[in-house]
Amino acid sequence: MGDFPQSLHHNLPGNFVTTSIDSLLNWGRASSLWYLMFGTACCAIELMQAGGPRTDLDRFGSVFRATPRQSDLLIVAGTISYKMAIRVKRLYEQMPEPKYVISMGSCSNCGGLFEPGYSVLKGIDKVIPVDIYVPGCPPRPEALAEALMTLQKKIKREKFLVKKTDAA
Amino acid sequence: MQPKEIYLQLVKAFPDSPITFKEAGEEIRPGVKTAGEPFVIIPKELVLKVLEMFRLLETFSFDSLMSLTAVDFKDRIEVVYHLFSYRRLHRLTLKVYLERKDPMEMPSVEGIWKTANWLEREVYDLFGISFTGHSNLKRIMLPDDWIGYPLRKDYKEQEQYQGMETTREFPLDT
């Protein structure tokens, strides 16, 4: 009941068995990305629509969870002010590894329309590391679905047992 | 009652104080005419007496303080009261001119209209005007450790707030 034996993590040569186990783990992670219900402003409406019947995020295995403890994806949707950014960081720290972040919309990419404002954080990547940026104001639900698919492709390239090489 | 009549009654009640009336379309600054409603300018010392009279007397009966804000011009900050009466169905705009020096203080009208509680907290938060006699004067919107009063014209943003940078460089600027 201790940690995963450190001698196995990122330490094995890439043969048939280890790469198969890696791709099984990656497939499991990518096909069940549960996202935290987090929406601040207008992009939250598009996030809700992306979970709706037409652009269904559920067919990717993605359901929303109300608590960060059970989610592995944080979709930051909406304008983030400095006051809120402290809470977003706290939510991000409460998510268990492996965790991913999608920044949805202009406001969380770079401050967006409200970038001159004194109380607006100019991009959520000043506080947490972001994997995928989705441009748009707001991005269409299909764009968010494409972002999810891109994130799935990114996850499937990850290595767990196999040694990390310099490329990819 | 029209604003002009209210102004005339005010002048009758306080004959030795400088109360002025600006008609719609009058010049308020060199080259600038007002476009909105006519308003009455009263000195700071009369604020509590005048507003109490407005609330309590039957002829005025201003039972609603619609709005309490401030405007920052280069040489002065104006505190603006918008009053409305549900009984008499008349309204009035009242302005108080304050000089721009630190610290700026105004008497609080929270005893007259309870809604002034939050309105004065907002003006304190964004302009830095303290209201004497307020029961809970602290920031209402911005975080409690924010430095500066954003809606003043000479506000400079801090470099960072609690470890977060406040600027982002535009990637197309080379």
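Lettering follows sequence order; numbering is per chain, from 1.
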query: For chain B, which residues from residues 131-151 of chain A have at least one heavy atom closer than 4.5 Å to it?
result: none

query: Would a hydrophobic clustering, with Ile, Leu, Val, Met, Phe, Trp and Tyr connected at side-chain separations under 4.5 Å, put Leu98(B) with Phe131(B)?
result: yes

task: Indicate if Ile112(B) and Phe62(B) have the same hydrophobic cluster label, given that clusters are the connected sets of ILVMFWY residues with side-chain heavy-atom separations under 4.5 angstrom.
output: yes

task: Counting only heavy atoms closer than 4.5 Å, note whether Thr167(B) contacts chain A via side chain, backbone, both or neither.
output: backbone

Region of Gln162(B) in contact with chain A, defined by heavy-atom distances below 4.5 Å: side chain

- prompt: Are Leu51(B) and Leu48(B) co-members of a hydrophobic cluster defined by side-chain heavy atoms under 4.5 Å apart?
  reply: yes

field: Selection from Pro143(B), Gly163(B), Gly148(B) maximising heavy-atom pairs under 4.5 Å formed with chain A
entry: Pro143(B)

message: Please check this pair: side chain of Arg168(B) against backbone of Lys122(A), looking for a donor-acceptor N/O pair closer than 3.5 Å.
response: yes

- prompt: Tell me, do Tyr118(A) and Leu142(B) make a side-chain contact under 4.5 Å, heavy atoms counted?
  reply: yes

- prompt: When hydrophobic residues are tied together by side-chain contacts of less than 4.5 Å, even through go-betweens, does Leu92(B) share a cluster with Phe39(B)?
  reply: no

message: To the nearest 0.5 Å, what is the distance between SG on Cys110(A) and CZ on Phe170(B)?
response: 9.0 Å

task: May I ask whether Val11(B) and Met1(B) are part of the same hydrophobic cluster, defined by side-chain heavy atoms of I, L, V, M, F, W, Y residues being less than 4.5 angstrom apart, directly or through others?
output: yes

message: As an exercise, state the distance from NZ of Lys126(A) to CE of Met164(B), rounded to the nearest 0.5 Å.
response: 11.0 Å

- prompt: Going by residue number, which parts of residues 62-97 of chain A are within reach of chain B, meaning a heavy-atom gap below 4.5 Å?
  reply: Tyr82(A), Lys83(A), Ala85(A), Ile86(A)

